[in-house]
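The structure under discussion appears below in the form of structure tokens.
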Amino acid sequence: MFDKKAEYEKMFRVEQQLWWYRILHGRVLAAIQKRYGTRQGLRILDAGCGTGGLLSYLRERGYTQTQGLDGSADAVAFCHERGLRVDQLNLLNLDTWQTDTSPEAFDVVVCDDVFCYFNDEQLSKLIGELARRVKPGGLLVTNNNAFNVFRGSHDLAVGSTRRFVRADIERLLPGSRLQTGYATYWSLLLSPLILAVRQWQNWQLRRGWQSADQPHSDVYLPSNWLNTLFYTLVRTEQVVLPRTPFGSSLFMVLKKEENEARK
């Protein structure tokens, strides 16, 4: 996983305002509430929590039994600045992490924009370990960057090595007791604009106008009116088109099978 302090600083500053993070956090909350209703005493783990934007968002909405993990000391420091319960751990070593209760300790495990740092062998192991932390009937919620056509300097800046389609993830699920409950790409409406920006980034890289050693990410706060417009467009799309076939991100809600005795 990438460990660039400058990127974490940008993330920390903007993730509670930037339209993309606000949409993603809202999607996670909606998935939790669809499964559990208004229950707030849920145990929630954010694996690869970055600077803690989602954990902070959930805490503000009454979810206090939350915990985070991240491999970056910088990210964990930002989380602690927010007063969040977060441990530093490389997710490749998740099998060594001990909770204070049984392995199946969490009602919800979230793992957003993390899969892109692992090859298939590593990712298969990670998904298995994440699933092992989920209670029977609980959820693994994951958002990941989608479709190679959207690859650009942003991917280089954050250290992303791959993009996904739904089948890439689902073929790694057998044996995990996880099944897809919901999946969609997003945002369809903004896809032409995002694609144009990424192609422009790639053209700049090819021409040497932007250095591959110092690439620029898309993590920045645009003007207020533009940020509001993007949020409104994507939120409207989410309501009108709950599932779309194309977009730069793939959002999935995976449910763990119930134990036979509980069915």
Side-chain angles (χ1 to χ4, degrees), residues 2 4 6-31 50-51 53-54 57 112-117 141-169 182-253:
F2 84 105
K4 297 181 180 179
E7 287 299 324
Y8 283 120
E9 287 178 344
K10 289 195 292 183
M11 186 187 304
F12 181 74
R13 289 197 305 268
V14 308
E15 63 185 327
Q16 292 181 314
Q17 303 172 64
L18 184 62
W19 66 272
W20 190 90
Y21 287 109
R22 290 170 60 200
I23 290 291
L24 176 57
H25 296 167
R27 283 186 177 276
V28 173
L29 178 62
T51 60
L54 174 63
Y57 175 89
D112 284 339
D113 296 289
V114 168
F115 289 1
C116 60
Y117 301 112
V141 181
T142 182
N143 186 80
N144 294 284
N145 46 5
F147 293 110
N148 285 328
V149 70
F150 288 105
R151 187 167 179 82
S153 63
H154 174 79
D155 298 73
L156 297 176
V158 301
S160 170
T161 61
R162 61 191 300 190
R163 285 178 166 267
F164 297 87
V165 294
R166 176 175 171 175
D168 293 332
I169 295 174
Y182 172 80
T184 186
Y185 297 97
W186 65 283
S187 159
L188 182 64
L189 289 177
L190 292 184
S191 288
L193 176 60
I194 296 171
L195 184 58
V197 169
R198 297 291 168 80
Q199 294 305 308
W200 169 246
Q201 291 173 350
N202 290 332
W203 192 78
Q204 288 179 306
L205 288 168
R206 289 194 299 269
R207 294 294 298 267
W209 293 0
Q210 185 178 161
S211 170
D213 295 326
Q214 293 182 313
H216 305 304
S217 79
D218 296 341
V219 180
Y220 67 91
L221 192 65
S223 60
N224 185 60
W225 72 268
L226 190 58
N227 191 50
T228 300
L229 175 63
F230 286 167
Y231 177 83
T232 302
L233 286 173
V234 180
R235 183 71 184 95
T236 300
E237 173 187 296
Q238 185 178 345
V239 173
V240 177
L241 299 171
R243 290 179 174 84
T244 59
F246 190 67
S248 60
S249 293
L250 169 61
F251 184 81
M252 301 181 70
V253 180

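Small disclaimer: the values here were computed from a predicted structure and weren't measured. Start at 1 with the first residue, then count along the sequence.
By the salt bridge (Lys or Arg N to Asp or Glu O under 4.0 Å) test, R27 pairs with no residue at all, sequence neighbours left out. Partners of F150 by ring pair (Phe, Tyr, Trp, His ring centres under 6.0 Å), not counting sequence neighbours, listed by chain and number: F246. Residues satisfying the side-chain hydrogen bond (donor to acceptor under 3.5 Å, both in side chains) criterion with R198, sequence neighbours excluded, are D218. The side chain to side chain contact (heavy atoms under 4.5 Å, CB included) search around N144 returns F115, T142, F164, I169, not counting sequence neighbours. For Y57, the ring pair (Phe, Tyr, Trp, His ring centres under 6.0 Å) partners are H25, not counting sequence neighbours.
Rounding to the nearest 0.5 Å gives a distance of 11.5 Å between OG1 of T232 and CH2 of W19. Atom OG1 of T184 is separated from atom CG of L241 by 8.5 Å, given to the nearest 0.5 angstrom. Atoms CZ and CG, on R151 and L195 in that order, are 14.5 Å from each other to the nearest 0.5 Å. The CG atom of L229 lies 8.0 Å from the CG atom of L190; values are rounded to the nearest 0.5 Å.
Of all non-hydrogen atoms in R163 and S248, the two that sit nearest each other are NH1-O, 3.2 Å. Residues A146 and S249 share a closest heavy-atom pair of CB-C, 3.8 Å. Counting all heavy atoms, side chain and backbone alike, Y8 lies closest to T51 at O-CG2, 3.5 Å. Looking at every heavy atom in both residues, N145 comes nearest to D155 through ND2-OD2, 3.7 Å. Minimum interatomic distance between V234 and S187 (heavy atoms only, all atoms of both residues): CG2-OG, 3.5 Å.
In this structure the side chain of R166 reaches within 4.5 angstrom of the side chain of Y185, judged on heavy atoms. Taking the side chain as every heavy atom from C-beta outward, L24 and W186 approach each other to under 4.5 Å. Proximity of L156 to Q201: side-chain heavy atoms (C-beta onward) are nowhere separated by under 4.5 Å. Contact of the L18 side chain with the P222 side chain is registered, since non-hydrogen atoms from C-beta on lie closer than 4.5 Å. Inter-residue side-chain proximity for K10 and L221 is flagged as unmet; no heavy-atom pair is nearer than 4.5 Å. For the pair F147/S191, no side-chain contact is recorded, criterion being any heavy-atom separation below 4.5 Å from C-beta on. Considering only heavy atoms from C-beta on, D168 stays 4.5 Å or farther from L250 through its side chain. Between R22 and N227, the closest side-chain pair of non-hydrogen atoms falls below 4.5 Å.
Y182 and F251 have perpendicular rings, their planes meeting at more than 60° on a 0 to 90° scale where under 30° would count as parallel.
Here the side chain of D112 pairs a donor or acceptor atom with the backbone of N143 at under 3.5 angstrom. Looking only at distances, no side-chain donor or acceptor of E7 sits under 3.5 Å from a matching main-chain atom of A157.
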Notebook entry, point to check: Hey, mind stepping through Y117 and V158 against side chain to side chain contact (heavy atoms under 4.5 Å, CB included) and telling me if it holds?
Noted result: CA-CA 10 Å; Y117 301 112; V158 301; 4.0 Å; yes

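The salt bridge (charged side-chain N to carboxylate O under 4.0 Å, His left out) pairs that include a residue from residues 11-21 are E15-R82, where partners are two or more places apart or lie in different chains.
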